[in-house]
Amino acid sequence: MAQELPKIYDPQSTQQQAEQLWAQGRYYHANEKTATPKKTYAVVIPPPNVTAALHLGHALNNTLQDILVRFHRMLGKATLWMPGTDHAGIATQTVVDKRLRAEKKPALVDYKEMEKNGQDGRSQFVAKVQSWKDEYEARILGQLKSMGCSCDWDRTRFTMDEVCAKAVRAVFFKLFADGLIYRGKRLVNWDPATQTVLADDEVEHQTVKGFFWYLKYPLVEPVVINGQTIEHVTVATTRPETMLGDTAVAMNPSDPRAKALVGKQVRLPIVGRLIPIVADEHVVLPDPESSEEKAKFSTGFLKVTPAHDPDDWQIGQRHNLPVINVMAPDGSISDKFGWTDWDVVKNPDVENIIGMDRFEAREAIVEWFRTEKLLAEVRDYSHEVGHSYRSHVPIEPYLSDQWYIAVKKPIPNCRLSMDDCRLETETRDGIAYIKGTDVPGNSLAGLALWPLLDGRLKFYPERYRNNYQTWLENLRDWPISRQLWWGHRIPVWSKSFSLTGNSWEETVEKERLLYLHGSVACRIIHVDSGKLILNPEEYLYPIRKETEGEYISYFCPTPDEGLRDEVAKAMGYKQDSDVLDTWFSSALWPFSTMGWPEQNETLKAFYPTNVLCTAREIITLWVSRMVMMGQYCLGDIPFGDVYIHAMIQDGQGRKMSKSLGNGIDPLTIIESHGADAMRFTLAGMTTDTQDVRMPVAALTLPDGRTVNSSPKFDNGRNFCNKLWNASRFAMMNLEGTDPAAFDASKLDITDKWILSRLAAVVRDVTETLTSYRFNDPVNALYKFFWNDLCDWYLEWAKPRMADAAQRPIAQNVLAFALDQTLRMLHPFVPFITEGIFQNLNTIAPVRKLGTLAAAPSAESIMIAPWPAGLDSFIAPDIERQIETMQNCIGAIREIRNKYNIHPAKRLIGTLVAPQGRLQMLRDNSRLICELAGMEQLIIEADAPKPANSAAAIVEEMQIYVHDVVDVEAERQRLQKQKEFIESGIRPLQAKLSNESFVSRAKPEVVEQSRQKLKDLTDQLDAVNKNLAELA
RNA sequence: GGGCGGUUAGCUCAGCUGGUUAGAGCGCCUGCCUUACAAGCAGGAGGUCACAGGUCCGAAUCCUGUACCGCCCACCA
């Protein structure tokens, strides 16, 4: 068996076998029945988007989670890692559309056309996306399994599967019933060419050369300021065509002219609309000398077009300005979409412009101003303009109706009252705000904020809490509708109707039928006034008579019974065609995956989860919303810890997702280096402080330039190979290991030493892993395994394995140390450790050291107990003694190398040491001889330097290596040694002669320095003596 | 514009609360195919810790400023 192990570690077969073993044993499965509150550990995966296969960033993210999960599973906890994927609304829809177009197949535009023609284009397109999703979901889950992720695969979820969909409907209903969902206007990124809405990151910014046009708007009544009569105000704009929709001119209240002008009216040219001059802080004061671009160009007057500019929209909101949309969806000027206040007879000019494309209209309008002598000036200007990534035409801010969640509205009958949190509040207008903020404590934003402030929600590293906090404090209402087809369709049905005369009761009576079908959340809005006439709180009564006019009725069905399609249709209701923001369903992920709103065992056992492990860019979008929804729906935070890991960057320091990372499928690395190698390298790179550049293998071109090629995982690969080979050695030597033959009193110094080191590493790894440091345990294990166990312990153990008396002791210690090391390594390199563990189980089934330490074995290392209780092995004096041995060996090896002595050549040496250390050194001289290639080592308290010997100094000892006869080389070596020692002495002397240091530094630091100086001085004397003897 | 990081060996990075002569891996140089491992073993060279000030007996570490690099958010009349 042992002999059959290959020399080079072959990850593929080991991975396969381990995967099989784990799948059979279902060790990843979390069992609710064995879970007790203190003994559970739960993590939900940040669900990867089904847009594409995973990249290195995912590999890192999931490696770290798996390390935590495996660690806690081995600590004996009922452990759940919930896997799944995210439908990623806009991204996926876009990707599929792109693919279809690339393949010259019917794409989104075509399906939209079908939909328009009454065919079912929507569901056909969704089916296309669905099959894309199926493909990538399978691929992603396969990648995760290949990486060794010990997710509970029996529970795999998808944000759009029925379990999650039910949670989405339930939360939406709850929000709707609580009056937290409302209909509002919002400017979206509109692509007039494809006539679709774009997400912010689908907008490409391009620098465009354009102009600033300075347009003069006449005042209705001239104003006199400082003796000057002012007849016009001049506004500067880069988009003159929008002036048709102007509803105000704004100026900064601190502008000296504001006093005279604010409140006056302006007659909007061409249109003839009378619009007010309003005061708004947002307006930049003019200053031609300023370095600020805006101040240089500003006239102090800003045209306000709420329907066509996000900023102006805000100003419009502040001043209650009318919103006049002058454009059609195709970007042409139109009076059919909200612009009513013009007159064909009075305004032939307007009639001219209507129907023009926005760019044509721009020219026409500028020309009109020029002709009318109202164009004050034109200046060159280049600025950033958003373009559609799809059609590459400039995007148009376009006003549309959207669903919103009110995040700062106090929640009626909130399940968490402010009594549940201990934060200070201040009450204004009857609302309790979290002190120092304008966030009501019992609003959604408030619910997400207080766990942070009261310390229950912790960020690692801590600095990220600022992100979270300031975002929530400045939170605006959350627009949740998206004009897409791929996603959770908004569960709201609506119908317009008009009321005339006495039809009110009859109409409303009909709506009551809906309630009988389970719809209890309902709202009827009077279109003209926007007034809500039936509140969700009032449900059926009182039914009041209202004014005649147009109404819209919205219904949100309960998640369980639902509003049956037929019923809705029969009643003339139509479902909203939009879908929900992807983050809406993501926000529910920690509990939707567990089956909420059903109250079940899983939720009881595993909610709240322990940690969320994610990248920093979604703290606001995702983390905060999960906390919000967890608090709102379950009355508890979804996780206590948020671990934000570093990002992997490419060689240029760019985000991986933008360059290198996207191209690299973890599977290619797993194939070439093995999953363990990848995990080990990734975990070892992770630190709290900064992002990390992926080391890449550099490629040198013929012209001498170097180009980055592929990421390097050699480190991990080499480590695995070392682990494999050390284990081979163990397997060859552990046959017949008999725990009964172990005798604690016969442990030799190397046994005691390696056990001491082992105990220290167990302590270190356990502690660092608990505080989310991953590179520390990786480094500690790397050093311990490679440098301590392999380089020293195994080398010293080799001869002992051939010694009948020593063999049983060394075998038991080696088996035990290897066993414990494998367990600690397992979270990092799961496959290879499982493979070796299985071999070890065959060859040395019981690994224990008498009564000193017992380590129960297990059928899989995955469920083997984590090493513990080894502290009694810690022996600092033993470690110091071994260090002395190592130093002696190092000194002799250096001499061997310097004199180019062949490794096979046996040497004789003399070691001169103080009386007190002689016994220890003599006891252990074999350690030095074996590893330094000495035939004999004479150890004396006093001995002259043998002729023709090289001298080395270790601590307070002298080592002479006999018969190395190159006087000049020896002189140079000693001279160099002398200089080195002297350079150490100087700063120490300076330090110790400094009165302040001696009196003010910690005594142990001073003592340390004194000791060190004494050692160095002794060494210097010795070197000088040797030098003198040479001469 | 607001916020947050980074700058340590040729490369990628450690270095926790200031205190031995600043570390690792890779790369480089020298010698070894030593019966676990050449994906290895042994040894070595290589750093005024971005810059300028400050605090302190003492600064890679704490403070201030500068430069460059990066990230997030906001915004572009």
Side-chain angles (χ1 to χ4, degrees), chain A residues 5 7-9 205 212 235-239 250 282-284 292-294 297-299 301-305 309-312 381 383-386 461 463-464 466-467 470-471 474 616-617 619-620 647 649 651 653-655 684-685 687-698 706 712 714-715 717-733 773 775-776 779 782-783 790-791 794-795 798 890 893-898 900-904 931 933 980-981 983-988 991 994-1002 1004-1006 1008-1009 1011-1013 1016:
Chain A
L5 290 177
K7 267 186 152 184
I8 302 264
Y9 169 57
H205 289 275
F212 253 124
V235 298
T237 180
T238 55
R239 301 178 58 213
H282 177 77
V283 181
V284 176
E292 297 255 336
E293 198 75 352
K294 277 185 194 172
F297 283 97
S298 174
T299 62
F301 299 99
L302 176 66
K303 65 191 273 302
V304 182
T305 324
D309 184 282
D311 251 349
D312 294 8
Y381 184 57
H383 60 135
E384 293 270 297
V385 177
R463 63 174 182 275
Y464 290 111
N466 297 337
N467 265 26
T470 52
W471 191 76
N474 303 309
R616 73 175 85 89
E617 72 256 19
I619 291 173
T620 52
M647 311 266 291
Q649 301 178 336
R654 308 262 163 204
K655 272 171 76 175
M685 277 173 23
T687 65
D688 287 351
T689 51
Q690 61 175 313
D691 292 344
V692 118
R693 292 188 195 188
M694 192 67 224
V696 290
T706 54
K712 287 189 67 158
D714 297 10
N715 229 348
R717 197 256 318 254
N718 293 354
F719 179 76
C720 290
N721 197 46
K722 187 75 178 174
L723 181 56
W724 184 253
N725 279 297
S727 304
R728 278 180 70 222
F729 171 82
M731 299 310 154
M732 289 173 183
N733 287 284
R773 278 141 65 193
N775 68 320
D776 286 342
N779 290 338
Y782 185 98
K783 283 196 176 108
C790 291
D791 291 348
L794 288 188
E795 293 305 323
K798 278 174 185 174
R893 281 170 172 176
E894 193 185 331
I895 289 169
R896 299 187 74 113
N897 261 286
K898 276 273 143 48
N900 217 348
I901 299 167
H902 194 275
L931 295 197
F980 182 74
I981 294 169
S983 74
I985 286 178
R986 263 175 262 124
L988 278 173
K991 210 172 187 180
N994 183 327
E995 200 52 46
S996 304
F997 170 70
V998 177
S999 60
R1000 299 169 73 162
K1002 284 187 207 143
E1004 60 264 34
V1005 173
V1006 178
Q1008 215 171 31
S1009 302
Q1011 187 57 45
K1012 185 73 202 167
L1013 181 62
L1016 287 177

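The sequence lines fix the lettering, A, B, ..., with proteins before strands; numbering per chain opens at 1. The figures here come from the full heavy-atom set of this structure, side chains too, leaving out hydrogens, waters and symmetry mates.
Set against B/A36, B/C4, B/A42, the side chain of A/Ala726 has B/A36 as its closest nucleotide. Closest contact between the side chain of A/Asp309 and the listed nucleotides B/U21, B/A39, B/A77 involves B/A77. In the set B/G19, B/U30, B/A36, the nucleotide with an atom closest to the side chain of A/Lys722 is B/A36. The side chain of A/Tyr782 sits closest to B/G25 out of B/A36, B/A77, B/G25. In the set B/G19, B/G44, B/C75, B/C75 carries the atom at the smallest distance from any side-chain atom of A/Asp311. In the set B/C71, B/G5, B/C37, B/C37 carries the atom at the smallest distance from any side-chain atom of A/Asn725. The side chain of A/Val284 approaches B/A77 more closely than any other nucleotide in the set B/G19, B/A77, B/U21. Side chain of A/Val283, nearest nucleotide from B/A77, B/U21, B/A36: B/A77. Ranking B/A36, B/C32, B/C71 by closeness to the A/His902 side chain, first place goes to B/C32. Of the listed nucleotides (B/G43, B/A77, B/C37), B/G43 has the atom at the smallest distance from the side chain of A/Asn897.
OP1 or OP2 of B/G40 sits under 4.0 Å from a side-chain N or O of A/Asn718.
The two residues A/Asn467 and A/Ile619 have their closest heavy-atom pair at ND2-CD1, 4.0 Å.
Within the nucleic acid shown, A/Ile901 has no heavy atom closer than 4.0 Å to any nucleic acid atom. A/Phe980 comes within 4.0 angstrom of a base, heavy atoms only. Residue-level contact check: A/Lys303 touches neither bases nor backbone, having no heavy atom under 4.0 Å from any strand. Nucleic acid contact class of A/Thr237 (heavy atoms, under 4.0 Å, all strands): sugar-phosphate only.
Remark: the A/Glu795 side chain and the B/A42 base include no donor-acceptor N/O pair separated by less than 3.5 Å. Applying the 3.5 Å distance criterion, the base of B/A42 shares no donor-acceptor pair with the side chain of A/Arg893. For B/A36, the base has no donor-acceptor partner in the side chain of A/Lys7 [N/O atoms by modelled type, under 3.5 angstrom].
With rounding to whole Å, A/Asp791 atom CG is found 15 Å from B/C37 atom P. Atom NZ in A/Lys898 sits roughly 12 Å away from atom C1' in B/C29 (whole-Å rounding). One atom, CG of A/Leu794, and another, P of B/G40, lie 16 Å apart when rounded to the nearest Å. Distance, A/Tyr9 OH to B/G40 P: 16 Å, rounded to whole Å. The distance between atom CZ of A/Arg717 and atom P of B/G25, rounded to the nearest whole Å, is 16 Å.
Within the shown strands, B/A67 is the pairing partner of B/U7 under the Watson-Crick or G-U definition, both distances less than 3.5 Å. In a base pair of the Watson-Crick type (N1 to N3 plus N6-O4 or O6-N4) or a G-U wobble (N1-O2 and O6-N3), with each distance short of 3.5 Å, B/G1 is matched with B/C73. Base pairing of B/G19 is made with B/C57, judged by Watson-Crick or G-U wobble geometry with both donor-acceptor distances under 3.5 Å. In this entry B/A24 has B/U12 as its Watson-Crick or G-U wobble partner, both defining distances falling under 3.5 Å.
Remark: side-chain polar atoms of A/Asn721 are not paired, donor with acceptor, to backbone N or O of A/Ile8 under 3.5 angstrom.
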